[in-house]
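Let me begin by presenting the structure, written as structure tokens, before commenting on it.
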2 protein chains.
Amino acid sequence: MAARAPQAKRKTGAEGPRTKKIEPADVDVGLDGLAGHVGYAVRRFQLWIFQDFIKTLAAVDITPTQYSVLTVIAANPGPTQMAVAKRLGIERARLVHLLDALEQRNLVTRAASKTDRRSHALHLTGAGEASLRQFKLLAAEHERHVIDKIGKDNRERLLEILAPFR
Amino acid sequence: MAARAPQAKRKTGAEGPRTKKIEPADVDVGLDGLAGHVGYAVRRFQLWIFQDFIKTLAAVDITPTQYSVLTVIAANPGPTQMAVAKRLGIERARLVHLLDALEQRNLVTRAASKTDRRSHALHLTGAGEASLRQFKLLAAEHERHVIDKIGKDNRERLLEILAPFR
DNA sequence: GGCCGACTGTTGTGGTCGACAACAATCATT
DNA sequence: AATGATTGTTGTCGACCACAACAGTCGGCC
């Protein structure tokens, strides 16, 4: 056995039919009870789709989360950090670091709100707006990859079904 | 300003139209460019579905990943750790810890393979099989929650669309 | 006006998770 | 017998999320 795992004593008994090569346990675990579970399928799909997004936007070094933050700010300039966090379902603690990175890259500014000295008004910089336009082109290319994978009609059905989740 | 963030000097100038209460930036960031992205919708859905699964199976303290491991072993007894890892798309390094926990709870055993002394043949214990039957009942209840949320037909369409991802 | 609860951004901690690299034991092939 | 590949294991790194604490600020209420 490998390394040092605690191991039950082997019963070195009957070997059964030996074919010398293929082990049925290894070759393919195949479809099973998981097939009927939505959560599992969704998890695998989400993994694939994020990997493709990251790969497609690798040249500009933008993650799906960063893209969503930029998009939300662009669509409705000047939001509070709280507003963005609530909209995207991420914690405000996490958004702090996300914005730190985006601010360092000069894509986003935290301006003092004119009406509430606690909060920051978030805006895209000029560079941020220009960059976002490029990001959107790449995101559209990613979306085309999705279509190649599941088909155009399936993609639209997916968007309909998942609409209640924003 | 809050805490110690570097902040531009406030221009304490014109206030503009003050209505005293609602800040347009706060009230609702609303639907925007994210609406057309599959990945975002899927992420939100996956978050919801996992939360519900965890909550529904909280009484037996089983996560979605643990459930998938048990299900795979039960459907095809005696697989290698590598086989399970490949089937579920998780790293074998991670599976080690997962199995450690399941073995400590006496749900799974790592038996020495009869044909390859490097590998372990994974099996459910008697308690493991009994427990899994209960887990499946709760998982079915979770699946009913999904139906309540998106509808029975939508759920089945979802399974069809996502079938290529196993 | 002054007090008190609620909110905002921030920091820190802990836990889960995935990618990666190393390693010993074992296998397969030559 | 020797070499390279595979299996399980350990460890590290970074991303991510949940939670709690905190200072500054707002809002309302007496």
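Since we're looking at a predicted model, the values are computed, not measured. Note on naming: letters A, B, ... go to the chains in the order of the sequence lines (proteins, then strands), and numbering restarts at 1 for each one. All values below come from the heavy atoms of this structure, side chains included, with hydrogens, waters and symmetry mates left out.
Taking 4.5 Å as the limit, every side-chain heavy atom of A:T109 sits out of range of all side-chain heavy atoms of A:L122.
Residue-level contact check: A:R92 touches the bases, meaning some heavy atom is under 4.0 Å from a base atom. Residue contacts for A:E91: at a heavy-atom cut-off of 4.0 Å it reaches a base atom on one of the strands shown.
When the nucleotides C:dT11, D:dC26, D:dT7 are ranked by their closest atom to the side chain of A:A93, C:dT11 comes out on top. Of the candidates C:dC7, D:dT10, D:dG8, C:dC7 carries the atom nearest the A:R118 side chain, counting heavy atoms from C-beta on.
Between A:Q51 and A:V96, it is A:V96 whose nearest contact on DNA chain C lies nearer the 5' terminus.
A:R94 places its CZ atom 4 Å from the P atom of D:dC16, with the value rounded to the nearest Å. The separation between B:I90 atom CD1 and C:dC20 atom C1' is 17 Å, rounded to whole Å. The nearest whole Å value for the distance from the CG atom in A:L98 to the C1' atom in C:dG9 is 14 Å. For the pair A:L88 CG and D:dC17 C1', the computed distance is 15 Å after rounding to whole Å. B:D61 has its CG atom 14 Å from the C1' atom of C:dT16, to the nearest Å. For the pair B:Q81 CD and C:dA25 C1', the interatomic distance rounds to 14 Å; values are reported in whole Å. Note: CZ (A:R117) to P (D:dT25) measures 5 Å, nearest angstrom. A:D116 has its CG atom 8 Å from the C1' atom of C:dC7, to the nearest Å.
No hydrogens or angles considered: nothing links the side chains of B:T63 and B:T65 as a donor-acceptor pair under 3.5 Å.
OP1 or OP2 of C:dT10 sits under 4.0 Å from a side-chain N or O of A:R110.
Evaluated for a ring-ring contact (aromatic ring centres under 6.0 Å, His included) with B:H142, the options B:F50, B:F53, B:W48 yield exactly one hit, B:F53. Remark: of the listed residues B:E156, B:R157, B:K152, B:R157 is the sole one forming a side chain to side chain contact (heavy atoms under 4.5 Å, CB included) with B:N154.
Aromatic pair B:H37/A:Y67: centroids less than 6.0 angstrom apart.
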